[in-house]
Trainee: 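One structure is given below, represented as structure tokens, and several questions about it will come after.
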Amino acid sequence: MADRIHITTAIHYSNGPPHLGHAYEDIAADAYARHLRRKPGGSKLTFVTGTDEHGQKNRDAAAKENLDPKAFADKISAIFRTAFDRLEISYTNFVRTTDPAHEAFVQKMLARTFERGDIYFRDYEGLYCVGCERFYTDKELLPGNICPEHNQPVEFLKESNYFLKLEKYRAAIRAHLESTPGFIRPERYRNEALRMFDEPLADLCISRPKARLDWGIELPFDDKFVTYVWYDAFWAYLSELPDTSDAALAEVLPATEHFIGKDILKTHAVYWPAMLMAVGLPLYRRLNVHGYLTTGGSRMSKSSGNVVDPMELAEHLGPDVLRYFVLREFGYGLDGDFSEARVIERYNADLANDLGNLTSRVLAMTARYFNGEIQAQPGTHQSEHGPGVDYYCQQVRALSDRIEQLIDALEFNRALEAIWQVLDAANKYIVAAAPFTLAKDPANLPRVGEILVNLCEGLRVIADSLEAFMPATSRKILDLLNVDQTTAHAPFGEGLKRGHRVKPPVPLFPRIEKPNA
RNA sequence: GGCGGCGUAGCUCAGUUGGUCAGAGCAUGCGGCUCAUAUCCGCAGUGUCGUAGGUUCGACUCCUACCGCCGCCA
């Protein structure tokens, strides 16, 4: 259906290395991207992630390490990229906002917006928070002119700046939001966003005088200014696509699905649409908003010192374990609490006991009784297999549609649950059919062969359906089954053939015995 | 101050339009199997469905108030 899809994550602010929250967002977007890529036409999918490198906070973070901003950005950006590669985030573009191509594109959009009359110059004075990189009004501040976000005093600043007309587009954006169900999802965030249009919108300051901050993209119409880092960053969703002509962007944007955290809902629901309208481009297709990951009940942040390093976990247990955990444990859109104890529980219960053990027992029996050779056509059992077989076969057959539906709705956790229901059905089937008991009498071997092909074939379908969530594990199991790409994707009953040989098992997820960490 | 949302078994949560809706998984206990990574299968629970009222033949599911937690806007 949708033959053009463009997926993006937020362009991550590079004032420090990635934490689990960044990884979560990219993993979710990646699962969605991988899922869509499996559909017809999916090979045209583009997927952008990257780093947002301009702005005062990045410059200050660099200064702390005695690095110039670009050198610092090089370092942090590389860490992000390495982390995402390790997690098998299947991005097609890793954009850095300091890339010349990106900078040129932003300048082009600035120039156009200026020419169209939606950017104007005016004097401005107000209270400014360095941490937020924005001005505050009195009533937004805590007593004593304290920034509510950073708990630090704001500074009085008087300067002239360029502004983007936001109010001009309020009615149009609101109308789009109201007439487009699913534009922002889950629903709760759509409702939240709608309320942002109840009051007039203050125009957005999109420049910073170089005298104060020169780490940014220069305005094409005034070389004494750079553009505000937020204005800069949005364009990264588009700036390094293979074709950035208006015609191409007019196709890409309606096919664009943004993945963001709830903290930047306003910028994406209000500023970004206005920016697009101001240059005469269509709006993106959908905003997919997720919640925060907390640790010990509070939001992960450097200041509270509860940051979880995703790579430490990934190196320790494997990237797929991290991917599995965050996708299985948390409902997309809701906050979730992360703890290593929960990871280990999930690992042992789901990965070691269910997925790993089932793989192991099925392949072990096939190896032991038939030297790994498939004895029959799957799904065509002629003999009595016990009560579990019909339920099992039906579960496997229904899996693909079920997953499709759930991932489209961003319910990754329930999609994984659905796969695990099939694992459960397989275990029940094994007990009901008891191939290991039958095998004691050679006369029963044909029936055992039928049972095992059903199990191997189901394992193949499971491994294939796991690809979007746990790509490495998927590959491992498919490799053990010794199947090629085409066979891997076949529907249940059309994959493994009689005479095919599968490999003996290797432990995929050895149990973790230490009770806690 | 205005407007969301949330509060269901020890834990994490499902519960569509009110009438097997009181559930799942994990953890716990007991029993069974032995192909498998001491894995798997079966059985057993516990719950005043935040509190107090109301509507109804009947509410976890609707209404009101309150308590607690959180979010957004101001």
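A, B, ... follow the sequence lines: proteins, then strands. Residue 1 opens every chain. Worth knowing before you read on, the calculation uses all heavy atoms, side chains too, and leaves out hydrogens, waters and symmetry mates.
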Trainee: Does this structure show an ion pair linking A:Asp30 with A:Arg323, if we count only N-O contacts that are shorter than 4.0 Å?
Mentor: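 Looking at A:Arg323 together with A:Asp30, the answer is yes, because their closest N to O distance falls below 4.0 Å.
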Trainee: Looking across every strand, which nucleic acid part, if any, lies under 4.0 Å from A:Ala364 by heavy atom: base, sugar-phosphate, or nothing?
Mentor: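 Counting heavy atoms under 4.0 Å across all strands, the contact made by A:Ala364 is with sugar-phosphate only.
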Trainee: For A:Lys428 and B:C35, give me the distance from atom NZ to atom P, rounded to whole Å.
Mentor: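 In whole Å, B:C35 P lies 21 Å from A:Lys428 NZ.
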Trainee: I need the minimum non-hydrogen distance between A:Leu177 and A:Arg190, along with the two atoms involved.
Mentor: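 So the two residues come closest at O-NH2, 2.9 Å.
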Trainee: Do A:Arg342 and A:Phe325 meet the cation-pi criteria used here (NZ or CZ under 6.0 Å from the six-membered ring centre, within 45° of the axis)?
Mentor: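 Here A:Arg342 fails the 6.0 Å and 45° test against A:Phe325.
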Trainee: Which base sits across from B:A38 as a Watson-Crick or G-U pair, both distances under 3.5 Å?
Mentor: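 B:A38 is paired with nothing.
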Trainee: Hey, which sits more toward the 5' end of RNA chain B by its nearest nucleotide, A:Pro507 or A:Arg414?
Mentor: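 Final value for this comparison: A:Arg414.
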Trainee: Looking only at side-chain atoms of A:Asn427, point me to the closest of B:C35, B:C41, B:C26.
Mentor: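 Among the listed nucleotides, the one closest to the side chain of A:Asn427 is B:C41.
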Trainee: Considering just the side-chain nitrogens and oxygens of A:Arg511, establish if one lies under 4.0 Å of OP1 or OP2 belonging to B:U39.
Mentor: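 For A:Arg511, the contact criterion (side-chain N or O under 4.0 Å from OP1 or OP2 of B:U39) is met.
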Trainee: Would you mind pulling out the nucleotide paired to B:C62, Watson-Crick or G-U wobble, both distances under 3.5 Å?
Mentor: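 The base-pairing partner of B:C62, which may sit in any strand shown, is B:G54.
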Trainee: Using both distances under 3.5 Å as the test, list the Watson-Crick or G-U wobble partner of B:C72, or none.
Mentor: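 Looking at the geometry, B:C72 pairs with B:G2.
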Trainee: In whole Å, I'd like the distance from the CG atom of A:Asp350 to the P atom of B:C40.
Mentor: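 Whole-Å distance recorded here is 10 Å.
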Trainee: Could you check whether any side-chain N or O of A:Asn413 sits under 3.5 Å from a backbone N or O of A:Glu329, counting only pairs where one atom can act as donor and the other as acceptor?
Mentor: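 Not at all, since once roles are kept as given, no pair shorter than 3.5 Å links the two residues.
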Trainee: I need the OH-P distance between A:Tyr347 and B:U39, as an integer number of Å.
Mentor: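 For the pair A:Tyr347 OH and B:U39 P, the rounded distance is 12 Å.
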Trainee: Give A:Leu508 one of three labels, base, sugar-phosphate or nothing, depending on what nucleic acid heavy atoms sit under 4.0 Å from its own.
Mentor: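 Result for A:Leu508 = base.
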Trainee: Below the 4.0 Å mark, does B:A36 have OP1 or OP2 next to a side-chain nitrogen or oxygen of A:Arg368?
Mentor: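 Yes, within the criterion.
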Trainee: Starting at CH2 of A:Trp420 and ending at P of B:C40, how long is that distance when rounded to a whole Å?
Mentor: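 One finds 13 Å between P of B:C40 and CH2 of A:Trp420, rounded.
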Trainee: Given the P atoms of B:C67 and B:U51, what is the spacing between them in whole Å?
Mentor: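 These two P atoms come out 15 Å apart once rounded.
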Trainee: Expressed in whole Å, how much space separates the P atoms belonging to B:U16 and B:G23?
Mentor: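 Here B:U16 and B:G23 have their P atoms 15 Å from each other.
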Trainee: In the structure shown, which nucleotide is the Watson-Crick or G-U wobble counterpart of B:U48, with both distances under 3.5 Å?
Mentor: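 The base-pairing partner of B:U48, which may sit in any strand shown, does not exist here.
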Trainee: Measuring only the P atom in each nucleotide, how far is B:C21 from B:C69? A whole number of Å is fine.
Mentor: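 Those two atoms are separated by 35 Å.
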Trainee: Could you go step by step and tell me if A:His268 and A:Tyr237 meet the ring-ring contact (aromatic ring centres under 6.0 Å, His included) rule?
Mentor: CA-CA 12 Å; A:His268 284 74; A:Tyr237 296 143; 5.8 Å; yes
Trainee: So if I take every side-chain heavy atom of A:Arg188 and compare against B:C35, B:A36, B:G5, which nucleotide ends up nearest?
Mentor: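 Minimum distance to the A:Arg188 side chain belongs to B:G5.
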Trainee: Name the closest nucleotide to the A:Ser360 side chain, picking from B:U37, B:C35, B:G71.
Mentor: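 For the A:Ser360 side chain, the nearest candidate turns out to be B:U37.
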Trainee: In whole angstrom, give the distance that lies between atom OH of A:Tyr189 and atom C1' of B:G71.
Mentor: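 After rounding, the gap between these two atoms is 8 Å.
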Trainee: Taking atom types as modelled, is there a side-chain donor on A:Asn161 or A:Arg208 under 3.5 Å from an acceptor on the other?
Mentor: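 A:Asn161 vs A:Arg208: no donor-acceptor pair found between side chains.
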Trainee: Send over the distance from A:Arg346 CZ to B:C26 C1', rounded to a whole Å.
Mentor: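 My rounded result for the distance is 7 Å.
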Trainee: Pick the P atom in B:C40 and in B:A36, then give their distance to the nearest Å.
Mentor: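 My reading of the P atoms in B:C40 and B:A36 gives 14 Å.
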Trainee: Counting heavy atoms from C-beta on, name the nucleotide in B:C33, B:C40, B:A36 closest to the side chain of A:Phe436.
Mentor: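 Between B:C33, B:C40, B:A36, the one nearest the side chain of A:Phe436 would be B:C33.
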Trainee: Quickly work out the A:Asn191 CG to B:C6 C1' distance and round it to whole Å.
Mentor: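 Taking CG of A:Asn191 and C1' of B:C6, I get 15 Å after rounding.
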Trainee: For B:U16, give the paired nucleotide (Watson-Crick: N1-N3 plus N6-O4 or O6-N4; G-U: N1-O2 and O6-N3; both under 3.5 Å), or none.
Mentor: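 Checking every strand shown, B:U16 finds no partner, since no pair has both distances under 3.5 Å.
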Trainee: Counting only Watson-Crick or G-U wobble pairs whose two distances fall under 3.5 Å, which nucleotide matches B:C33?
Mentor: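 Per the H-bond distance test, none.
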Trainee: Taking the side chain of A:Arg195 as heavy atoms from C-beta outward, which of B:C41, B:C73, B:C72 is closest to it?
Mentor: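 My answer, after comparing the listed nucleotides, is B:C72.
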Trainee: More than 12 foreign heavy atoms under 6.0 Å from CZ of A:Arg498: is that the case here?
Mentor: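 For A:Arg498, atom CZ is not crowded (no more than 12 foreign heavy atoms under 6.0 Å).
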Trainee: Consider the side chain of A:Glu192, meaning its heavy atoms from C-beta on, and name the nucleotide among B:C26, B:C72, B:U37 that approaches it most closely.
Mentor: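 In terms of side-chain proximity for A:Glu192, the closest of B:C26, B:C72, B:U37 is B:C72.
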Trainee: Looking for any heavy atom pair under 4.0 Å, which part of the strands does A:Pro510 touch: base, sugar-phosphate only, or nothing?
Mentor: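 Result for A:Pro510 = base.
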Trainee: Take atom CG of A:Asn348 and atom P of B:C26, then tell me their distance rounded to the nearest Å.
Mentor: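 Rounded to whole Å, this separation is 12 Å.
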Trainee: Using purine N1 to pyrimidine N3 plus N6-O4 or O6-N4 for Watson-Crick, or N1-O2 and O6-N3 for G-U wobble, each under 3.5 Å, what pairs with B:C26?
Mentor: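 When the pairing criteria are applied, B:G10 turns out to be the nucleotide that pairs with B:C26.
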Trainee: Taking only the P atom of each, what is the distance from B:C6 to B:G50 in whole angstrom?
Mentor: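 12 Å, rounded to whole Å.
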Trainee: If the glycosidic angle is within 90 degrees of 0 it's syn, otherwise anti, so just tell me which one B:G50 is.
Mentor: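 You should classify B:G50 as anti.
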Trainee: If you pin A:Lys262 and A:Phe509 to their nearest nucleotides in RNA chain B, which one's is more 5'?
Mentor: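 It is A:Phe509 whose nearest nucleotide is closer to the 5' end.
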Trainee: Determine the Euclidean distance between corresponding C1' atoms of B:C73 and B:U8; express it in Å to zero decimal places.
Mentor: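 Nearest-Å result for B:U8 against B:C73 at atom C1': 31 Å.
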Trainee: Do you know the tightest heavy-atom contact between A:Leu355 and A:Trp420?
Mentor: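 In terms of heavy atoms, the two residues are closest at CB-CZ2, 3.9 Å.
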Trainee: For the P atoms, the ones on B:C62 and on B:G7, what distance do you get once it is rounded to whole angstrom?
Mentor: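 Rounded to whole Å, the distance is 12 Å.
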Trainee: Give me the distance, rounded to whole Å, that separates B:C11 from B:U28 when you measure between the P atoms they each carry.
Mentor: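 Their P atoms lie roughly 15 Å apart.
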